[in-house]
Amino acid sequence: MTHRLAVVVPTPAHSTIRGPLSYLSELPLAPGKLVRVPLGRREVLGVVWDEGSGPDFDGPMDTRLIAGALEGVAPLSQGWRQLVAFSAQYYQRGLGEIAVAALPPQLRDLNTAQLARRLKRPASPPQVPPCATDRELTPEQQAALAAFESGEGPFLLFGATGSGKTEVYLRAVQALLARDPEAQALVMVPEINLTPQLQERFVERFGAAHVTAMNSGMTHPQRLKSWLAAHTGAARIVLGTRMAVFASLPRLKLIVVDEEHDPSYKQQEGARYSARDLAVYRGKLEGARVLLGSATPSLESWQAGNKGRYRRLVMASRVGQGRLPAVRLVDMNHQPKQAVFAAPLLEAIRQRVARGEQSLVFLNRRGYAPVLSCTACDWKSECPNCSAFRVFHKADRTLRCHHCGYTERVPRACPSCGNVDIAPLGRGTERLEEHLGELLADATQADGRPVRIARMDADSTRFKGALEQQLARMHAGDVDVLVGTQMVTKGHDFRRITLVAAINADAALFSSDFRAPERLFGLLMQAAGRAGRDAAQADASEMWVQTWHPQHPLFAALRRHDYPAFAAQQLKERGQAGMPPFGSQALVRAEARTQEAAQAFLNAASSAGQGIEGADRVALYSAVPMSIQRIANVERAQMLVESPSRAALQRFLAGWQPVLHATREKGLIRWAVDVDPLAI
Ligand code: ADP
Ligand code: ZN
Ligand code: ZN
């Protein structure tokens, strides 16, 4: 007898098949079981899905036999399947795309014997050793933990930078593991860069056998190993980046989302899910406690706290005698026109160097200069494939497009007029480092040795191990001034920094993106958070901001380290404009051979969508070019869809999906829906 199964398979992102396909099997197989199935001429990994989830009969009609089941691997839980189903529906993607992307690629390729070897458990399953921690909690940490243990959640831990949030996470996990001998915890961080540091602290506390990492930087064998550890319950703690929200954790009881405001939690391609939002959903679904933490929460989470949907836990002060740095605004209108560093800022850095303290200077632009230009004619280092300039990287004398990757050697002379005098315009971290070196050429350390300047950004940390090495130098005190992009402002517990400087923060003040002030405020607060973490030096710690607009209200709140005031002001504006979190948004993006075609597609889909259920509560704006209109010779346009009601928007998007699929436009390459977009 054969059984009919609904199986979720990795359908291509643009297929109209969104649900499971129908297959036959000699044996009955439970939902969640992993199988290998034929798809076209390939054999792919699939997941047996729940009956009645409506196999998608738009797909191939000749029902084929599955190739086999993955013996020895327990089925994926119902909670996991629901999480995947919800994500697919909410973010308007195929089930298969999300389900299979969440599984390690090697699962498909290993035969039964190979899998069995990897599934062999250690002789005696490791137990957690009550961990010895002699560290006493601060009163604020104690209060936060007590509230966390006694309530339901979700919880928003609003804790100043340096207030000891990590210790709260550690204790929450520790209490859980002690209470429940099988429970698992998921701890998420926004960036791979931050995982080694956190992993070290968890391993130190709980032992390496219990902790496993999950991030996109891992090799296929590593991913398989950590996935199996989580799936079998051998790993009690999974530490990971956004992808870890889809980890199979059969005994999940706690989810921690550190730096919950961080935009990196939003996937920026394919299924554009928010791992933070899914964590909250998953917690509710599986009865796991959720703890979101930040010094500058997202306005969405803050508002949920205002409404009582999240319980807010507050840790306002730094551990020990640490204090938040004094904020100094430098009015650049009163500085010499060409000055990159105001004189008093330079002097302040000099003093730090002489005292053996560290300074951090950040600028959100890497490379040497954003543009190279000819002094005789109009030539600029435009990218031939994108509506953007190629960035001048002096170290390897290249012009590199940061969008399409197109790279060339810097020309000896202007390609347009032959003039040999071509010069950099503007500056990135590489040039800033060089410039600072010149300005501080005579600065010396206490013992008279010359100042040591280093740089940390995506370029300097490109090679394996480079980041760890640079962080180690910083922690060891072998660097006096660190220049970097926002990479250096996040999360690091640098102990000797007493000065942080933001060189050019103004661009974000007048951005067309309504989230720009929120991001800037968060970034500056995080940056300030790197200074004065050590009590002995806290009094001298300062955050310098160079700006042309010192009167801007954002800076008034920053000076007082007053996130609640900033949030209240922003939420008021958003409320008046009906913007998130008071309304819901989605963005449809289209890519085409021409800008006209991209916009025509969006406008046609918009007209065709007028009659759909929910359309009366949804506003569809006109199609517009994206801020970077052309990348790799593809024209890009977008259309904003907005509604005061999330449910209405969801209903509309579901009904609109087939309309988008059916809309044809010559020259259209692809389109995608981004629900709850972070950048407009
Ligand atoms: P946050 O994540 O809130 O910015 P961290 O967790 O990095 O802060 O903690 C800041 C510093 O304080 C770290 O060096 C940490 O080891 C230390 N710390 C945390 N809790 C305590 C405590 N109860 N007693 C002493 N030091 C602590
Ligand atoms: Zn020229
Ligand atoms: Zn390009």
Side-chain angles (χ1 to χ4, degrees), residues 133-145 157-172 187 189-190 194 197-198 200-202 204-205 256-262 291-297 313-324 372-391 398-408 411-423 475 489-497 525-535 538 628-634 636:
T133 42
D134 41 12
R135 174 182 278 183
E136 224 180 290
L137 293 176
T138 66
E140 285 187 331
Q141 285 172 329
Q142 279 174 24
L145 273 166
L157 176 59
F158 172 50
T161 50
S163 60
K165 292 187 287 295
T166 312
E167 187 63 39
V168 172
Y169 307 151
L170 286 161
R171 296 291 177 112
V187 181
V189 285
L194 296 174
Q197 173 184 326
L198 194 71
E200 206 174 288
R201 296 191 60 184
F202 273 81
E204 181 187 54
R205 189 74 56 98
V256 174
V257 184
D258 190 22
E259 311 288 6
E260 67 88 32
H261 63 279
D262 198 294
L291 178 57
L292 312 175
S294 175
T296 53
L313 314 172
V314 182
M315 301 200 306
S317 27
R318 283 189 158 177
V319 173
Q321 301 302 310
R323 236 177 299 144
L324 291 168
L372 203 59
S373 100
C374 170
T375 52
C377 75
D378 264 351
W379 182 84
K380 287 192 175 59
S381 57
E382 264 162 279
C383 175
N385 312 320
C386 308
S387 52
F389 293 111
R390 277 174 300 164
V391 175
T398 56
L399 289 178
R400 271 190 248 159
C401 176
H402 287 187
H403 303 285
C404 74
Y406 183 70
T407 303
E408 269 183 341
R412 289 191 178 285
C414 169
S416 165
C417 75
N419 169 25
V420 290
D421 192 12
I422 44 180
H475 287 295
T489 65
K490 289 186 185 182
H492 303 291
D493 190 23
F494 297 129
R495 307 303 300 177
R496 303 170 199 234
I497 293 181
M525 288 278 281
Q526 290 296 329
R530 294 322 111 208
R533 294 171 84 87
D534 201 324
I628 298 168
Q629 180 174 330
R630 186 169 50 100
I631 290 185
N633 287 319
V634 172
R636 299 143 28 101

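Note that ligands are numbered from 1 as they come in the structure, with each ligand's atoms numbered from 1 the same way. Residue numbers run from 1 in the order of the sequence given. From a predicted model like this one, the values you see are computed outputs, not experimental measurements.
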Looking at Ser387 and Gln629, would you say the former's side chain and the latter's main chain have a donor-acceptor pair under 3.5 Å?
yes

Backbone N/O of Gly405 and side chain of Thr407: donor-acceptor pair under 3.5 Å
yes

Residues Lys165, Asp258: salt bridge by 4.0 Å N-O rule:
no

For Gly293 against Tyr169, the heavy-atom pair lying closest together:
CA-OH, 3.5 Å

Hey, what do you get for CG (Asn633) to SG (Cys383), rounding to the nearest 0.5 Å?
8.0 Å

Start with the C-alpha distance between Arg530 and Thr161, add both sets of side-chain angles, then the distance that settles side chain to side chain contact (heavy atoms under 4.5 Å, CB included), and finish with yes or no.
CA-CA 8 Å; Arg530 294 322 111 208; Thr161 50; 4.0 Å; yes

Heavy-atom contacts with ligand 1 below 4.0 Å: which residues, ordered by chain and residue number?
Arg135, Glu136, Leu137, Thr138, Gln141, Ala160, Thr161, Gly162, Ser163, Gly164, Lys165, Thr166, Glu167, Arg201, Val319, Asp493, Arg495, Arg533

Just wondering, is there an N, O or S atom on His403 that's nearer than 2.8 Å to the Zn ion (ligand 3)?
no

Could you walk me through whether Glu167 and Arg135 pass side chain to side chain contact (heavy atoms under 4.5 Å, CB included), step by step?
CA-CA 10 Å; Glu167 187 63 39; Arg135 174 182 278 183; 3.0 Å; yes

Ionic contact status for Lys380 with Asp378, cut-off 4.0 Å:
no

Decide, counting backbone as well as side-chain atoms, whether Cys386 has an N, O or S atom less than 2.8 Å from the Zn ion (ligand 3).
yes

Looking only at heavy atoms, what is the nearest atom pair of Leu198 and Val189, with distance?
CD2-CG1, 3.4 Å

Could you tell me whether Gln142 atom CD has more than 12 heavy atoms of other residues or ligands within 6.0 Å of it?
yes

Please list, in chain and residue-number order, the protein N/O/S atoms closer than 2.8 Å to the Zn ion (ligand 2).
Cys374 SG, Cys377 SG, Cys414 SG, Cys417 SG

